[in-house]
S.K.: 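One structure is given below, represented as structure tokens, and several questions about it will come after.
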There are 2 protein chains.
Amino acid sequence: MPNTDQLNAFIAAAESGSFSAAGRRLKKAQSAVSNAVMNLEIETGVDLFDRSTRKPILTAAGEALLKSAYAIMESHNDFTNRARSLNLGEESNLCLAIEQNLFIPPVVHLLVQFERTFPHVELELLDPGENDVPELLRSGRADMGLMLEQENYPQGFHFRGIGHSRRVPVCSKDHPLASLSQVNHSDLRRYRQLIPKSLNLEETRHHEHILSPRVWYAESPFVIAELLCAGLGWASLHESVVQEELTNGELIVLKRTYQQDASLQGIDVGWTEQQAQGPAAKWLLQHLSGLKFNSG
Amino acid sequence: MPNTDQLNAFIAAAESGSFSAAGRRLKKAQSAVSNAVMNLEIETGVDLFDRSTRKPILTAAGEALLKSAYAIMESHNDFTNRARSLNLGEESNLCLAIEQNLFIPPVVHLLVQFERTFPHVELELLDPGENDVPELLRSGRADMGLMLEQENYPQGFHFRGIGHSRRVPVCSKDHPLASLSQVNHSDLRRYRQLIPKSLNLEETRHHEHILSPRVWYAESPFVIAELLCAGLGWASLHESVVQEELTNGELIVLKRTYQQDASLQGIDVGWTEQQAQGPAAKWLLQHLSGLKFNSG
DNA sequence: AGTTTCTATCTGAAAAAGAGATACTTTAAT
DNA sequence: ATTAAAGTATCTCTTTTTCAGATAGAAACT
């Protein structure tokens, strides 16, 4: 098993082209480098350098092993960097629950930035259905969550409003409803309605959104979007979820003759209060709060 | 900078759940493990284990660092494995030139097997045009090559026939030639011919293949296949290159009224004789020889 | 309560690492 | 051709590190 010092000597010698120079760089005697390299050669059984000339030059085998040596030193650096990040109080892992409706490009972009800023923090992402985030926070399963505004929150965590999202009725461009310039309740009632259903079965709020007697339920709003694109029924979805389909024309927004503003729903970020927040959680909270939501 | 022994002690302790057991596993005294872990904790500044109970249990930070420790040991293993493979005489790298006409699924499959058999051998793949492989072998640029049979080889390397490939005239299903039940020379001469051109410009053999006065040249036969699919001209190509397009019907084979068999061309594998072959080269040579070519 | 199994810590011995000196070789310059 | 500079291998001796063994105390199990 190669020793760390031997590897360092090997690398320094290969890079500087001489054992003496390597010794100077490592602040060690030349003999130390010479011994280290020789021991490495003995242990591996591979001739690393060609010593026929004054300056030792890497053999082909040495060149191959040098790459592996670099790989080892890189993982060593990762180790020490991770240790340093832990010393700075950074969380080793963080669980973030983002309601499926809200898993949208700016959030994804924020996560990319997060990865760059905290490369050593492991992030677990949950994408629960509607209204499941509060329970995940309360139970401690998630450390932070992004969710649509609730009427009443369970005890045990903080939350903060950060924007708004608009719920709009949409259907395929080929759907019969698409040909109407305006739709009212009875128009909608004549066609199948697709409804995002919470995993949490006891949760049966949002009755106000159920208009049609012919309903289907789906766990994920993205599944619903797929069905809509296939021309199946209509649904009241958040703009952000179907933004792409709306811009490319696959889906269209239905113009309503009723309740113009009631569908504007707040977006909250919530976090547990029991567990102390580290730098990563603070960063996330701060940047989530600064996000601009497209319909907000 | 963490020491290899310290990391081993850390890992063994984490896995076995006790410093004493780790000591037994590593054939060291318990005190050695205890010291190693403690020193690692001091150097990193991170508490790795919770010692409040009898058996030390990993802290959250310890768990995070354990993963990095595993990564280090894995790269150490890679180092020693590569050293072992070099001791067995395996080449550290190998250059294989495969003429573009012959870069076909069974060869790709063979390379996949090669990668599994010799994970530490770096493979450089060249995909030269027609008739360029012998020069690559002669000059030492490539160690081994797969090529179409040549009339006369330069000195300095061995070769062995391993199969045959059929050259067929093809065109798009929408091309005027496609409507003819049989084609003769004068039919072909009326349309543009696409010809694979060697990188090696002085090489101007295969005049026998040039039939039409209206020719275009392309370096890669795959580029030619693309042009053919777009309905541009016809070409005499190896079946293996356009097999996919032939089966899905995009391209069709033209039935000729002349020289039925002259287009059957041998496939050779060649290798340099100056450089001693290692196990990897031997393996490749043996398995290339065993390949079944679809038109062979 | 007694026994077992564990950890931390101390001590001394053994091993390893490393500095310094020396002899010899190669490269470059005079 | 000779000299000077820079490099390597190897030897010796010192310093440092590593480690086993012993011991005391804590935690779990019977």
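Proteins get letters first, then strands, A, B, ... in listed order; numbering begins at 1 in each. Worth saying up front: this structure is predicted, and the values here are computed from it rather than measured.
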S.K.: Mind checking Ser20(A) for me? I need base, sugar-phosphate or nothing, with any heavy atom below 4.0 Å counting as a touch.
M.R.: base
S.K.: Checking only heavy atoms, does the side chain of Gln30(B) share a donor-acceptor pair with the base of dA20(D) at less than 3.5 Å?
M.R.: no
S.K.: Among dT8(D), dG18(C), dT7(C), which nucleotide sits nearest the side chain of Phe19(B)?
M.R.: dT7(C)
S.K.: Is there a side-chain polar atom (N or O) of Asn35(B) under 4.0 Å from OP1 or OP2 of dC10(C)?
M.R.: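 Indeed not, no polar side-chain atom of Asn35(B) lies that close.
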S.K.: Inspect the surroundings of NE2 in His158(B) and state if more than 12 heavy atoms from other residues, nucleotides or ligands are less than 6.0 Å away.
M.R.: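 More than 12 heavy atoms, drawn from other residues, nucleotides or ligands, come within 6.0 Å of this atom.
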S.K.: Decide, yes or no, whether a salt bridge links Glu135(B) with Arg141(B) under the criterion of side-chain N to carboxylate O below 4.0 Å.
M.R.: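 Judged by the 4.0 Å cut-off on N to carboxylate O distance, Glu135(B) and Arg141(B) do not form a salt bridge.
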S.K.: Can you tell me whether the side chain of Arg51(A) and the base of dT8(D) have a donor-acceptor pair closer than 3.5 Å?
M.R.: no
S.K.: Rounded to the nearest angstrom, tell me the gap between atom CG in Asp50(A) and atom C1' in dT25(C).
M.R.: 14 Å
S.K.: Using whole Å, report how far CG of Asn3(B) lies from P of dA16(C).
M.R.: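 So the CG-P distance, Asn3(B) to dA16(C), works out to 13 Å.
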S.K.: Could you give the CD1-to-P distance, from Ile57(B) to dT7(C), as a whole number of Å?
M.R.: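 My rounded result for the distance is 13 Å.
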S.K.: Mind checking whether His287(A) and Trp283(A) have parallel, tilted or perpendicular rings, split at 30° and 60°?
M.R.: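 Taking Trp283(A) first and then His287(A), their aromatic rings lie parallel (interplane angle under 30°).
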S.K.: Decide if the gap between the ring center of Phe49(A) and the ring center of Phe19(A) is smaller than 6.0 angstrom.
M.R.: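 Between Phe19(A) and Phe49(A), which both carry aromatic rings, the centre distance is below 6.0 Å.
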S.K.: Rounded to whole angstrom units, what separation is found between the CD atom of Gln6(A) and the C1' atom of dG18(C)?
M.R.: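 Computing the Gln6(A):CD to dG18(C):C1' distance gives 13 Å.
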S.K.: Rounded to whole Å, please give me the gap between CD1 in Ile42(B) and C1' in dA8(C).
M.R.: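 Value for this atom pair: 12 Å.
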S.K.: Heavy-atom nearest nucleotide on DNA chain C for Met38(B) versus Asn39(A): which residue maps closer to 5'?
M.R.: Met38(B)
S.K.: Separation of Lys55(A) atom NZ from dA5(D) atom P, in whole Å?
M.R.: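 Interatomic distance, NZ of Lys55(A) to P of dA5(D): 17 Å.
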S.K.: How many Å lie between CG on Asp47(B) and P on dA8(C), as a whole number?
M.R.: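 To the nearest whole Å, that distance equals 11 Å.
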S.K.: Looking only at the side chain of Ser34(B) (C-beta and beyond, no hydrogens), which of the listed nucleotides dT9(C), dT10(D), dA20(D) gets closest?
M.R.: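 Selected nucleotide (nearest to the side chain): dT9(C).
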S.K.: Would you state whether a donor and an acceptor, one from the side chain of Arg54(B) and one from the base of dA28(D), lie under 3.5 Å apart?
M.R.: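 When only heavy-atom distances are counted, Arg54(B) does not reach the base of dA28(D) through any donor-acceptor pair under 3.5 Å.
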S.K.: Is it the case that the base of dA20(D) and the side chain of Ser31(B) share a donor-acceptor contact (distance under 3.5 Å, atom types as modelled)?
M.R.: yes
S.K.: Just the rounded figure in Å: distance from C1' of dC19(D) to CG of Asp5(B).
M.R.: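 To the nearest whole Å, that distance equals 11 Å.
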S.K.: Taking all atoms of both residues into account, what is the closest heavy-atom pair of Ala64(A) and Ser92(B), and its distance?
M.R.: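 So the minimum-distance heavy-atom pair works out to CB-CB, 3.7 Å.
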